[in-house]
There are 2 protein chains.
Amino acid sequence: MVARPEKGQEKGMPQYRRLYEVLRRHINEGVYNEGDLLPSENELCSVYGLTRPTVRQALSELVSDGYISKQQGRGSIVNKLPQGIGILSVSGTTSALKNKNLKTRIIVKPAMRPWPEGFMFRLSDLELESGCIYMTRLRLLDDEPIFYDISFIPAINLPRFTSRSYENRSLFEILRREYQVEIKGGEQRIRAIKADDELCSWLRIRPGDPVLHMERKMVTNRPDLKVYSSIYCNTRFHSIYGTF
Amino acid sequence: MVARPEKGQEKGMPQYRRLYEVLRRHINEGVYNEGDLLPSENELCSVYGLTRPTVRQALSELVSDGYISKQQGRGSIVNKLPQGIGILSVSGTTSALKNKNLKTRIIVKPAMRPWPEGFMFRLSDLELESGCIYMTRLRLLDDEPIFYDISFIPAINLPRFTSRSYENRSLFEILRREYQVEIKGGEQRIRAIKADDELCSWLRIRPGDPVLHMERKMVTNRPDLKVYSSIYCNTRFHSIYGTF
DNA sequence: ACAAACAACTTGTATATACAAGCATGTATA
DNA sequence: TATACATGCTTGTATATACAAGTTGTTTGT
(Lines give C-alpha, C1' and ligand atoms only; values in the text may rest on other atoms or scores of the structure.)
Protein backbone atom coordinates (compact mmCIF):
# COMPACT_ATOMS: atom_id res chain seq x y z
CA MET A 1 0.00 0.00 0.00
CA VAL A 2 2.06 2.86 -1.27
CA ALA A 3 0.63 6.05 -2.65
CA ARG A 4 -3.03 6.81 -2.29
CA PRO A 5 -5.08 5.96 -5.36
CA GLU A 6 -5.63 9.31 -6.97
CA LYS A 7 -8.86 8.74 -8.79
CA GLY A 8 -11.53 7.82 -6.28
CA GLN A 9 -10.37 10.53 -3.92
CA GLU A 10 -13.44 12.30 -2.64
CA LYS A 11 -12.49 15.95 -2.62
CA GLY A 12 -8.91 15.17 -1.77
CA MET A 13 -9.89 14.54 1.81
CA PRO A 14 -7.55 12.64 4.06
CA GLN A 15 -8.62 9.10 4.69
CA TYR A 16 -9.51 9.56 8.34
CA ARG A 17 -11.77 12.38 7.31
CA ARG A 18 -13.48 10.23 4.75
CA LEU A 19 -14.15 7.54 7.31
CA TYR A 20 -15.44 10.20 9.67
CA GLU A 21 -17.90 11.40 7.02
CA VAL A 22 -19.07 7.89 6.26
CA LEU A 23 -19.69 6.99 9.88
CA ARG A 24 -21.33 10.31 10.62
CA ARG A 25 -23.68 9.85 7.71
CA HIS A 26 -24.51 6.36 8.86
CA ILE A 27 -25.33 7.62 12.30
CA ASN A 28 -27.46 10.45 10.96
CA GLU A 29 -29.30 8.11 8.61
CA GLY A 30 -30.04 5.59 11.29
CA VAL A 31 -27.78 2.78 10.17
CA TYR A 32 -26.62 2.87 13.76
CA ASN A 33 -29.00 3.91 16.50
CA GLU A 34 -28.60 5.25 19.96
CA GLY A 35 -26.78 2.78 22.15
CA ASP A 36 -25.52 0.68 19.27
CA LEU A 37 -21.90 -0.25 19.13
CA LEU A 38 -19.96 0.78 16.07
CA PRO A 39 -17.80 -1.91 14.48
CA SER A 40 -14.63 -2.32 16.48
CA GLU A 41 -11.56 -0.40 15.47
CA ASN A 42 -9.97 -3.51 14.04
CA GLU A 43 -13.05 -4.29 12.00
CA LEU A 44 -13.09 -0.77 10.60
CA CYS A 45 -9.43 -1.20 9.78
CA SER A 46 -9.97 -4.25 7.65
CA VAL A 47 -13.21 -3.05 6.08
CA TYR A 48 -11.79 0.28 4.98
CA GLY A 49 -8.22 -0.81 4.50
CA LEU A 50 -6.76 1.52 7.09
CA THR A 51 -4.59 1.13 10.13
CA ARG A 52 -5.72 1.61 13.66
CA PRO A 53 -4.24 5.05 14.30
CA THR A 54 -6.06 6.33 11.23
CA VAL A 55 -9.32 4.77 12.28
CA ARG A 56 -8.83 6.10 15.79
CA GLN A 57 -8.39 9.60 14.46
CA ALA A 58 -11.74 9.39 12.68
CA LEU A 59 -13.39 8.03 15.82
CA SER A 60 -11.88 10.64 18.07
CA GLU A 61 -13.36 13.37 15.91
CA LEU A 62 -16.73 11.69 16.18
CA VAL A 63 -16.27 11.71 19.94
CA SER A 64 -15.39 15.37 20.10
CA ASP A 65 -18.35 16.18 17.88
CA GLY A 66 -20.62 14.31 20.23
CA TYR A 67 -21.70 11.54 17.88
CA ILE A 68 -20.23 8.67 19.84
CA SER A 69 -18.74 7.85 23.20
CA LYS A 70 -16.03 5.33 23.73
CA GLN A 71 -15.55 2.96 26.57
CA GLN A 72 -12.42 1.01 27.08
CA GLY A 73 -13.08 -2.69 26.84
CA ARG A 74 -16.50 -2.27 25.31
CA GLY A 75 -16.43 -0.24 22.17
CA SER A 76 -17.70 2.90 20.51
CA ILE A 77 -21.24 3.67 21.55
CA VAL A 78 -23.54 5.77 19.39
CA ASN A 79 -25.00 8.72 21.24
CA LYS A 80 -28.50 10.01 21.09
CA LEU A 81 -28.73 12.54 18.30
CA PRO A 82 -29.39 16.06 19.45
CA GLN A 83 -33.09 16.79 19.44
CA GLY A 84 -32.93 20.50 19.99
CA ILE A 85 -31.31 22.95 17.69
CA GLY A 86 -27.74 21.95 17.38
CA ILE A 87 -26.32 25.33 16.73
CA LEU A 88 -23.80 24.98 19.49
CA SER A 89 -22.15 22.29 17.52
CA VAL A 90 -20.01 23.44 14.67
CA SER A 91 -21.03 20.73 12.30
CA GLY A 92 -23.77 22.87 10.87
CA THR A 93 -27.25 23.65 12.02
CA THR A 94 -29.10 21.97 9.24
CA SER A 95 -27.64 18.54 9.63
CA ALA A 96 -28.79 18.12 13.18
CA LEU A 97 -32.39 18.86 12.51
CA LYS A 98 -33.40 15.93 10.32
CA ASN A 99 -37.16 15.94 10.35
CA LYS A 100 -37.85 19.53 11.06
CA ASN A 101 -38.81 22.04 8.48
CA LEU A 102 -35.99 24.55 8.62
CA LYS A 103 -35.99 27.38 6.15
CA THR A 104 -33.54 30.16 5.68
CA ARG A 105 -34.57 33.53 4.38
CA ILE A 106 -32.10 36.16 3.36
CA ILE A 107 -32.93 39.59 4.68
CA VAL A 108 -29.88 41.47 3.52
CA LYS A 109 -28.09 39.87 0.63
CA PRO A 110 -24.34 39.47 0.94
CA ALA A 111 -22.73 42.78 0.13
CA MET A 112 -19.52 44.58 0.82
CA ARG A 113 -19.51 47.00 3.71
CA PRO A 114 -17.00 48.64 5.97
CA TRP A 115 -16.66 46.99 9.32
CA PRO A 116 -18.90 48.41 12.02
CA GLU A 117 -17.42 50.71 14.63
CA GLY A 118 -16.55 48.87 17.81
CA PHE A 119 -16.89 45.42 16.33
CA MET A 120 -17.65 42.61 18.75
CA PHE A 121 -14.28 40.98 18.19
CA ARG A 122 -10.85 42.39 17.61
CA LEU A 123 -9.93 42.41 13.94
CA SER A 124 -6.57 42.00 12.29
CA ASP A 125 -5.17 44.63 9.99
CA LEU A 126 -5.71 42.40 6.99
CA GLU A 127 -9.33 41.94 7.90
CA LEU A 128 -9.84 45.67 8.39
CA GLU A 129 -8.26 46.51 5.04
CA SER A 130 -10.20 43.88 3.16
CA GLY A 131 -13.60 45.08 4.23
CA CYS A 132 -16.38 42.75 5.12
CA ILE A 133 -19.17 40.86 3.48
CA TYR A 134 -22.32 41.57 5.40
CA MET A 135 -25.51 39.60 5.34
CA THR A 136 -28.45 38.98 7.56
CA ARG A 137 -30.70 36.00 7.56
CA LEU A 138 -33.79 34.78 9.24
CA ARG A 139 -34.15 31.12 9.98
CA LEU A 140 -37.56 29.63 10.44
CA LEU A 141 -38.52 26.34 11.96
CA ASP A 142 -41.94 25.20 10.84
CA ASP A 143 -42.54 28.70 9.53
CA GLU A 144 -41.86 30.25 12.89
CA PRO A 145 -38.87 32.60 13.04
CA ILE A 146 -36.26 31.30 15.42
CA PHE A 147 -32.95 32.87 14.49
CA TYR A 148 -32.11 36.29 13.24
CA ASP A 149 -28.47 36.36 12.46
CA ILE A 150 -25.96 38.80 11.11
CA SER A 151 -22.84 37.44 9.51
CA PHE A 152 -19.58 39.23 8.88
CA ILE A 153 -17.02 37.63 6.63
CA PRO A 154 -13.74 39.29 5.71
CA ALA A 155 -13.60 39.70 1.94
CA ILE A 156 -10.37 37.82 1.60
CA ASN A 157 -10.02 35.70 -1.50
CA LEU A 158 -13.64 34.75 -1.86
CA PRO A 159 -14.42 35.44 -5.53
CA ARG A 160 -18.04 35.94 -6.58
CA PHE A 161 -19.17 35.48 -3.03
CA THR A 162 -21.73 38.24 -3.13
CA SER A 163 -23.43 36.85 -6.21
CA ARG A 164 -24.31 33.38 -4.98
CA SER A 165 -27.65 32.09 -3.91
CA TYR A 166 -28.00 31.37 -0.24
CA GLU A 167 -31.66 30.55 0.12
CA ASN A 168 -32.10 27.39 2.13
CA ARG A 169 -28.43 26.57 1.95
CA SER A 170 -26.16 26.56 4.87
CA LEU A 171 -23.61 29.33 4.73
CA PHE A 172 -21.04 26.85 5.97
CA GLU A 173 -21.95 24.42 3.26
CA ILE A 174 -21.28 26.99 0.58
CA LEU A 175 -18.01 27.96 2.15
CA ARG A 176 -16.98 24.34 2.20
CA ARG A 177 -18.14 23.32 -1.26
CA GLU A 178 -17.27 26.38 -3.25
CA TYR A 179 -14.24 27.67 -1.42
CA GLN A 180 -12.89 24.64 0.43
CA VAL A 181 -13.26 26.58 3.65
CA GLU A 182 -14.06 24.46 6.66
CA ILE A 183 -15.04 25.73 10.06
CA LYS A 184 -12.65 24.26 12.54
CA GLY A 185 -13.83 25.77 15.79
CA GLY A 186 -14.25 29.07 17.46
CA GLU A 187 -15.35 31.01 20.45
CA GLN A 188 -18.60 32.55 21.49
CA ARG A 189 -20.21 34.77 24.05
CA ILE A 190 -23.76 34.17 25.09
CA ARG A 191 -26.16 36.36 27.00
CA ALA A 192 -29.83 36.95 27.52
CA ILE A 193 -31.14 40.32 26.43
CA LYS A 194 -34.42 42.13 26.04
CA ALA A 195 -35.78 42.31 22.53
CA ASP A 196 -35.81 45.71 20.90
CA ASP A 197 -38.29 46.77 18.27
CA GLU A 198 -36.31 45.51 15.31
CA LEU A 199 -35.81 42.08 16.83
CA CYS A 200 -39.47 41.92 17.68
CA SER A 201 -40.49 42.41 14.11
CA TRP A 202 -38.13 39.77 12.83
CA LEU A 203 -38.78 37.18 15.49
CA ARG A 204 -42.46 38.00 15.92
CA ILE A 205 -42.27 38.56 19.63
CA ARG A 206 -43.19 41.38 21.97
CA PRO A 207 -40.88 44.16 23.13
CA GLY A 208 -39.10 43.21 26.29
CA ASP A 209 -39.33 39.48 25.64
CA PRO A 210 -36.12 37.65 26.49
CA VAL A 211 -33.88 36.77 23.57
CA LEU A 212 -30.71 34.75 23.46
CA HIS A 213 -27.80 36.57 21.91
CA MET A 214 -24.70 34.76 20.71
CA GLU A 215 -21.60 36.40 19.36
CA ARG A 216 -19.34 33.97 17.62
CA LYS A 217 -15.99 34.03 16.01
CA MET A 218 -15.21 30.98 13.95
CA VAL A 219 -11.80 29.94 12.72
CA THR A 220 -11.37 28.00 9.52
CA ASN A 221 -8.75 25.91 7.82
CA ARG A 222 -7.60 29.10 6.15
CA PRO A 223 -5.57 30.86 8.81
CA ASP A 224 -6.40 34.34 7.60
CA LEU A 225 -10.11 33.74 7.24
CA LYS A 226 -12.44 33.96 10.20
CA VAL A 227 -16.20 34.14 10.14
CA TYR A 228 -18.11 36.27 12.60
CA SER A 229 -21.75 36.18 13.42
CA SER A 230 -24.17 37.67 15.80
CA ILE A 231 -27.18 35.48 16.36
CA TYR A 232 -30.43 36.35 18.07
CA CYS A 233 -32.59 33.46 19.02
CA ASN A 234 -36.15 33.21 20.20
CA THR A 235 -35.95 30.45 22.77
CA ARG A 236 -39.57 30.52 23.78
CA PHE A 237 -40.40 27.22 22.16
CA HIS A 238 -36.99 25.84 21.27
CA SER A 239 -33.85 25.78 23.29
CA ILE A 240 -30.32 25.75 22.07
CA TYR A 241 -28.78 22.36 22.46
CA GLY A 242 -25.17 21.39 22.58
CA THR A 243 -22.71 18.85 23.87
CA PHE A 244 -19.34 19.43 25.42
CA MET B 1 -13.16 21.29 27.85
CA VAL B 2 -12.82 18.22 29.94
CA ALA B 3 -11.96 18.04 33.60
CA ARG B 4 -8.55 16.65 34.33
CA PRO B 5 -6.82 15.51 37.46
CA GLU B 6 -4.95 18.14 39.41
CA LYS B 7 -1.25 18.11 39.49
CA GLY B 8 -0.91 16.13 42.69
CA GLN B 9 -1.45 12.86 40.91
CA GLU B 10 1.05 13.23 38.13
CA LYS B 11 2.27 9.72 38.78
CA GLY B 12 -0.34 7.38 37.40
CA MET B 13 -1.10 9.64 34.49
CA PRO B 14 -0.28 8.66 30.97
CA GLN B 15 2.65 10.56 29.60
CA TYR B 16 0.71 12.59 27.07
CA ARG B 17 -1.47 13.84 29.87
CA ARG B 18 1.49 14.80 31.97
CA LEU B 19 2.85 16.85 29.11
CA TYR B 20 -0.59 18.36 28.64
CA GLU B 21 -0.64 19.43 32.29
CA VAL B 22 2.83 20.90 32.13
CA LEU B 23 2.12 22.94 29.03
CA ARG B 24 -1.24 24.07 30.28
CA ARG B 25 0.28 25.25 33.52
CA HIS B 26 2.97 27.09 31.62
CA ILE B 27 0.37 28.85 29.53
CA ASN B 28 -1.72 29.75 32.55
CA GLU B 29 1.31 31.03 34.41
CA GLY B 30 2.48 33.17 31.55
CA VAL B 31 5.59 31.24 30.58
CA TYR B 32 4.04 31.43 27.12
CA ASN B 33 1.89 34.38 26.18
CA GLU B 34 -0.72 35.00 23.57
CA GLY B 35 0.71 34.63 20.10
CA ASP B 36 3.85 32.84 21.25
CA LEU B 37 4.88 29.66 19.56
CA LEU B 38 5.25 26.59 21.71
CA PRO B 39 8.41 24.57 21.19
CA SER B 40 8.07 22.47 18.08
CA GLU B 41 6.83 18.93 18.36
CA ASN B 42 10.29 17.56 17.77
CA GLU B 43 11.74 19.77 20.47
CA LEU B 44 9.10 18.63 22.91
CA CYS B 45 9.92 15.07 21.96
CA SER B 46 13.55 15.37 22.86
CA VAL B 47 13.02 17.54 25.93
CA TYR B 48 10.46 15.22 27.47
CA GLY B 49 11.76 11.98 26.02
CA LEU B 50 8.62 11.15 24.10
CA THR B 51 7.79 10.32 20.52
CA ARG B 52 5.90 12.54 18.20
CA PRO B 53 2.53 10.79 18.30
CA THR B 54 2.56 11.08 22.08
CA VAL B 55 3.47 14.74 21.96
CA ARG B 56 0.84 15.32 19.32
CA GLN B 57 -1.80 13.77 21.53
CA ALA B 58 -0.98 16.23 24.29
CA LEU B 59 -1.06 19.12 21.85
CA SER B 60 -4.31 18.03 20.29
CA GLU B 61 -5.98 18.09 23.68
CA LEU B 62 -4.65 21.58 24.23
CA VAL B 63 -6.18 22.52 20.90
CA SER B 64 -9.56 21.06 21.72
CA ASP B 65 -9.48 22.79 25.09
CA GLY B 66 -8.81 26.07 23.37
CA TYR B 67 -5.38 26.76 24.79
CA ILE B 68 -3.51 26.69 21.51
CA SER B 69 -4.08 26.67 17.80
CA LYS B 70 -1.89 24.86 15.34
CA GLN B 71 -0.84 25.90 11.92
CA GLN B 72 0.83 23.62 9.49
CA GLY B 73 4.25 24.90 8.62
CA ARG B 74 4.42 27.37 11.48
CA GLY B 75 3.82 25.77 14.80
CA SER B 76 1.58 25.74 17.84
CA ILE B 77 0.33 29.18 18.70
CA VAL B 78 -0.79 30.10 22.19
CA ASN B 79 -4.30 31.51 22.29
CA LYS B 80 -5.63 34.36 24.29
CA LEU B 81 -6.86 33.02 27.59
CA PRO B 82 -10.62 33.24 28.01
CA GLN B 83 -11.61 36.45 29.69
CA GLY B 84 -15.30 35.87 30.15
CA ILE B 85 -16.88 33.37 32.42
CA GLY B 86 -15.89 29.97 31.26
CA ILE B 87 -18.89 28.12 32.44
CA LEU B 88 -19.45 26.55 29.09
CA SER B 89 -16.36 24.60 29.85
CA VAL B 90 -16.86 21.83 32.31
CA SER B 91 -13.54 22.19 34.00
CA GLY B 92 -15.17 24.19 36.70
CA THR B 93 -16.04 27.81 36.73
CA THR B 94 -13.47 28.71 39.28
CA SER B 95 -10.41 27.78 37.28
CA ALA B 96 -11.04 30.13 34.42
CA LEU B 97 -11.58 33.13 36.61
CA LYS B 98 -8.36 33.30 38.55
CA ASN B 99 -8.11 36.97 39.25
CA LYS B 100 -11.73 37.66 39.86
CA ASN B 101 -13.32 37.45 43.20
CA LEU B 102 -15.66 34.51 42.83
CA LYS B 103 -17.52 33.31 45.87
CA THR B 104 -19.94 30.48 46.27
CA ARG B 105 -22.71 30.58 48.79
CA ILE B 106 -24.83 27.58 49.61
CA ILE B 107 -28.52 28.35 49.72
CA VAL B 108 -29.88 24.86 50.29
CA LYS B 109 -27.41 22.42 51.74
CA PRO B 110 -27.09 19.07 50.04
CA ALA B 111 -29.95 16.87 51.18
CA MET B 112 -31.81 13.85 49.98
CA ARG B 113 -35.01 14.47 48.11
CA PRO B 114 -37.23 12.64 45.71
CA TRP B 115 -36.74 13.61 42.10
CA PRO B 116 -38.98 16.44 40.92
CA GLU B 117 -41.96 15.58 38.73
CA GLY B 118 -41.19 16.05 35.07
CA PHE B 119 -37.48 16.31 35.51
CA MET B 120 -35.58 18.17 32.83
CA PHE B 121 -33.81 15.03 31.64
CA ARG B 122 -34.91 11.45 31.36
CA LEU B 123 -33.76 9.39 34.31
CA SER B 124 -32.81 5.76 34.46
CA ASP B 125 -34.54 3.36 36.79
CA LEU B 126 -31.48 3.15 38.99
CA GLU B 127 -31.39 6.91 39.32
CA LEU B 128 -35.08 7.07 40.15
CA GLU B 129 -34.80 4.38 42.83
CA SER B 130 -31.76 5.94 44.42
CA GLY B 131 -33.28 9.33 45.01
CA CYS B 132 -31.40 12.53 44.51
CA ILE B 133 -29.13 14.84 46.39
CA TYR B 134 -30.44 18.34 45.99
CA MET B 135 -28.61 21.56 46.60
CA THR B 136 -28.79 25.13 45.46
CA ARG B 137 -26.00 27.64 45.36
CA LEU B 138 -25.45 31.25 44.56
CA ARG B 139 -22.24 32.32 42.93
CA LEU B 140 -21.05 35.87 43.23
CA LEU B 141 -18.47 37.71 41.23
CA ASP B 142 -17.10 40.72 43.07
CA ASP B 143 -20.01 40.39 45.48
CA GLU B 144 -22.52 40.61 42.70
CA PRO B 145 -24.71 37.54 42.23
CA ILE B 146 -24.21 36.03 38.82
CA PHE B 147 -25.30 32.42 38.99
CA TYR B 148 -28.12 30.76 40.84
CA ASP B 149 -27.85 27.07 40.33
CA ILE B 150 -29.68 23.97 41.37
CA SER B 151 -27.85 20.68 41.32
CA PHE B 152 -29.29 17.20 41.28
CA ILE B 153 -27.04 14.24 41.90
CA PRO B 154 -28.26 10.66 42.04
CA ALA B 155 -27.46 9.23 45.47
CA ILE B 156 -25.54 6.31 44.05
CA ASN B 157 -22.55 5.23 46.07
CA LEU B 158 -21.60 8.64 47.41
CA PRO B 159 -21.16 8.07 51.15
CA ARG B 160 -21.34 11.04 53.51
CA PHE B 161 -22.02 13.34 50.63
CA THR B 162 -24.63 15.40 52.41
CA SER B 163 -22.37 16.12 55.34
CA ARG B 164 -19.48 17.78 53.58
CA SER B 165 -18.66 21.44 53.41
CA TYR B 166 -19.14 23.07 50.06
CA GLU B 167 -18.51 26.73 50.78
CA ASN B 168 -16.19 28.18 48.20
CA ARG B 169 -15.30 24.78 46.87
CA SER B 170 -16.18 23.60 43.47
CA LEU B 171 -18.71 20.83 43.52
CA PHE B 172 -16.71 19.14 40.81
CA GLU B 173 -13.58 19.41 42.85
CA ILE B 174 -15.16 17.55 45.74
CA LEU B 175 -16.53 14.89 43.46
CA ARG B 176 -13.10 14.43 42.03
CA ARG B 177 -11.06 14.51 45.19
CA GLU B 178 -13.32 12.62 47.54
CA TYR B 179 -15.04 10.24 45.20
CA GLN B 180 -12.72 9.99 42.20
CA VAL B 181 -15.56 11.13 40.00
CA GLU B 182 -14.50 13.09 36.97
CA ILE B 183 -16.77 14.98 34.66
CA LYS B 184 -16.13 13.75 31.18
CA GLY B 185 -18.60 15.78 29.15
CA GLY B 186 -22.27 16.28 28.79
CA GLU B 187 -25.11 18.02 27.09
CA GLN B 188 -26.97 21.19 27.77
CA ARG B 189 -29.93 23.23 26.72
CA ILE B 190 -29.81 26.97 26.82
CA ARG B 191 -32.55 29.54 26.64
CA ALA B 192 -33.36 33.07 27.60
CA ILE B 193 -36.21 33.52 30.04
CA LYS B 194 -37.87 36.24 32.04
CA ALA B 195 -36.88 36.40 35.68
CA ASP B 196 -39.57 35.45 38.17
CA ASP B 197 -39.75 36.81 41.68
CA GLU B 198 -37.55 34.16 43.23
CA LEU B 199 -34.81 34.64 40.67
CA CYS B 200 -35.00 38.38 41.13
CA SER B 201 -34.33 38.12 44.82
CA TRP B 202 -31.36 35.84 44.34
CA LEU B 203 -29.81 37.64 41.40
CA ARG B 204 -30.80 41.13 42.53
CA ILE B 205 -32.54 42.07 39.33
CA ARG B 206 -36.00 43.31 38.43
CA PRO B 207 -38.96 41.14 37.46
CA GLY B 208 -39.05 40.60 33.73
CA ASP B 209 -35.34 41.08 33.26
CA PRO B 210 -33.82 38.57 30.86
CA VAL B 211 -31.96 35.66 32.42
CA LEU B 212 -29.96 32.93 30.83
CA HIS B 213 -31.10 29.46 31.76
CA MET B 214 -28.93 26.40 31.24
CA GLU B 215 -29.97 22.85 31.87
CA ARG B 216 -27.09 20.47 31.87
CA LYS B 217 -26.56 16.78 32.15
CA MET B 218 -22.99 15.77 32.80
CA VAL B 219 -21.57 12.31 32.37
CA THR B 220 -18.71 11.09 34.51
CA ASN B 221 -16.14 8.37 34.50
CA ARG B 222 -18.62 6.30 36.49
CA PRO B 223 -21.05 5.07 33.87
CA ASP B 224 -23.99 4.99 36.27
CA LEU B 225 -23.40 8.43 37.74
CA LYS B 226 -24.61 11.57 36.02
CA VAL B 227 -24.81 15.04 37.47
CA TYR B 228 -27.63 17.38 36.59
CA SER B 229 -27.87 21.08 37.12
CA SER B 230 -30.08 23.94 36.27
CA ILE B 231 -28.26 27.23 36.16
CA TYR B 232 -29.70 30.72 36.01
CA CYS B 233 -27.33 33.45 35.02
CA ASN B 234 -27.55 37.20 35.08
CA THR B 235 -25.79 38.20 31.90
CA ARG B 236 -26.27 41.91 32.27
CA PHE B 237 -22.64 42.60 32.98
CA HIS B 238 -20.98 39.31 32.14
CA SER B 239 -21.52 37.06 29.22
CA ILE B 240 -21.00 33.35 29.10
CA TYR B 241 -17.90 32.50 27.18
CA GLY B 242 -16.95 29.25 25.56
CA THR B 243 -14.95 27.67 22.80
CA PHE B 244 -15.99 24.89 20.48
C1' DA C 1 -25.42 -23.91 41.93
C1' DC C 2 -21.99 -20.76 42.55
C1' DA C 3 -17.71 -18.38 42.26
C1' DA C 4 -13.13 -17.94 40.68
C1' DA C 5 -10.18 -18.20 36.80
C1' DC C 6 -9.51 -17.79 32.15
C1' DA C 7 -9.91 -16.48 27.23
C1' DA C 8 -11.20 -13.48 23.85
C1' DC C 9 -12.45 -9.59 22.79
C1' DT C 10 -12.51 -4.28 23.25
C1' DT C 11 -10.14 0.50 23.61
C1' DG C 12 -5.86 3.00 25.65
C1' DT C 13 -1.06 4.16 25.40
C1' DA C 14 3.36 4.25 23.26
C1' DT C 15 7.23 3.53 20.06
C1' DA C 16 9.49 4.01 15.49
C1' DT C 17 9.31 5.44 10.96
C1' DA C 18 8.20 7.70 6.51
C1' DC C 19 6.69 10.97 3.48
C1' DA C 20 3.49 15.03 2.22
C1' DA C 21 2.25 19.76 2.69
C1' DG C 22 2.81 24.37 4.28
C1' DC C 23 5.73 28.31 5.85
C1' DA C 24 9.89 31.30 6.32
C1' DT C 25 14.19 32.60 5.00
C1' DG C 26 17.79 32.48 2.75
C1' DT C 27 20.50 32.69 -1.99
C1' DA C 28 20.98 32.77 -6.81
C1' DT C 29 19.36 34.47 -11.00
C1' DA C 30 16.96 37.67 -14.18
C1' DT D 1 16.12 45.58 -7.30
C1' DA D 2 13.08 42.07 -7.63
C1' DT D 3 11.56 37.59 -8.69
C1' DA D 4 12.38 32.74 -8.57
C1' DC D 5 14.03 28.91 -6.43
C1' DA D 6 16.25 26.01 -2.99
C1' DT D 7 16.50 24.71 1.67
C1' DG D 8 15.30 23.65 6.12
C1' DC D 9 12.16 24.16 9.31
C1' DT D 10 7.17 23.32 10.86
C1' DT D 11 2.81 20.39 11.32
C1' DG D 12 -0.27 16.79 8.75
C1' DT D 13 -1.14 12.12 7.41
C1' DA D 14 -0.28 7.29 7.45
C1' DT D 15 1.76 2.68 8.29
C1' DA D 16 3.27 -1.09 11.38
C1' DT D 17 3.78 -2.87 15.76
C1' DA D 18 3.53 -3.89 20.74
C1' DC D 19 1.75 -4.18 25.09
C1' DA D 20 -1.52 -2.37 28.91
C1' DA D 21 -6.01 -2.09 30.71
C1' DG D 22 -10.92 -2.80 30.89
C1' DT D 23 -15.23 -5.68 29.68
C1' DT D 24 -17.67 -9.74 28.66
C1' DG D 25 -18.71 -14.37 28.30
C1' DT D 26 -17.23 -19.11 29.09
C1' DT D 27 -15.04 -22.63 31.28
C1' DT D 28 -13.62 -24.87 35.26
C1' DG D 29 -13.28 -26.19 40.07
C1' DT D 30 -15.52 -26.64 44.30
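Owing to the predicted nature of the structure, the values given are computational and were not obtained by experimental measurement. Heavy-atom basis, side chains included; hydrogens, waters and symmetry copies ignored. Within every chain, numbering begins at 1; the chains are lettered A, B, ... in the order of the sequence lines, protein sequences first and strands thereafter.
- In this structure E43(A) satisfies the side chain to side chain contact (heavy atoms under 4.5 Å, CB included) test together with P39(A), S40(A), sequence neighbours excluded.
- With sequence neighbours excluded, no residue satisfies side chain to side chain contact (heavy atoms under 4.5 Å, CB included) with V47(B).
- Comparing dA14(C), dT13(D), dT13(C) against the side chain of Y16(A) picks out dT13(D) as the nearest.
- Within 3.5 Å, a donor on the side chain of R52(B) pairs with an acceptor on the base of dG12(D), or the reverse.
- Partners of P53(B) under the side chain to side chain contact (heavy atoms under 4.5 Å, CB included) rule, at least two apart in sequence or in another chain, are T51(B).
- Here the side chain of N42(A) is nearest to one of dT10(C), dT13(C), dT15(D), namely dT10(C).
- Which of dT11(C), dT13(D), dT10(D) sits closest to the side chain of E43(B) comes down to dT10(D).
- Under the salt bridge (Lys or Arg N to Asp or Glu O under 4.0 Å) criterion, E41(A) pairs with R52(A), R56(A), K70(A), not counting sequence neighbours.
- One can place NZ of K70(A) at 15 Å from C1' of dT23(D), the figure rounded to the nearest angstrom.
- Residues satisfying the side-chain hydrogen bond (donor to acceptor under 3.5 Å, both in side chains) test with S69(A), not counting sequence neighbours, are N79(A).
- Using a 4.0 Å cut-off on heavy atoms, none of the residues of residues 33-41 of chain A approach DNA chain D.
- E21(A) has a carboxylate O that lies under 4.0 Å from a charged side-chain N of R17(A), or vice versa, which qualifies the two as a salt bridge.
- Judged as a ring pair (Phe, Tyr, Trp, His ring centres under 6.0 Å), and not counting sequence neighbours, the contacts of Y134(A) are F152(A).
- OP1 or OP2 of dG12(C) lies within a sub-4.0 Å distance of a side-chain N or O belonging to R56(A).
- For the pair R17(A) CZ and dT13(D) P, the interatomic distance rounds to 10 Å; values are reported in whole Å.
- When each of dT15(D), dT13(C), dT15(C) is scored by its nearest atom to the side-chain atoms of Q57(B), the top-ranked nucleotide is dT13(C).
- Within the structure, every side-chain polar atom (N or O) of T54(A) is placed at least 4.0 Å from both OP1 and OP2 of dT13(D).
- For the side chain to side chain contact (heavy atoms under 4.5 Å, CB included) test, residues two or more places apart in sequence or in another chain that qualify with M112(A) are I133(A), A155(A).
- Two residues are said to be in side-chain contact when any heavy atoms from C-beta on lie closer than 4.5 Å; Y32(A) and I68(A) fail this criterion.
- One atom, CG of L19(B), and another, P of dT15(C), lie 11 Å apart when rounded to the nearest Å.
- Here S76(A) reaches the OP1 or OP2 of dT11(C): one of its side-chain N or O atoms lies under 4.0 Å away.
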So which protein N/O to nucleotides 23-25 of chain C N/O distances come out below 3.5 Å?
none

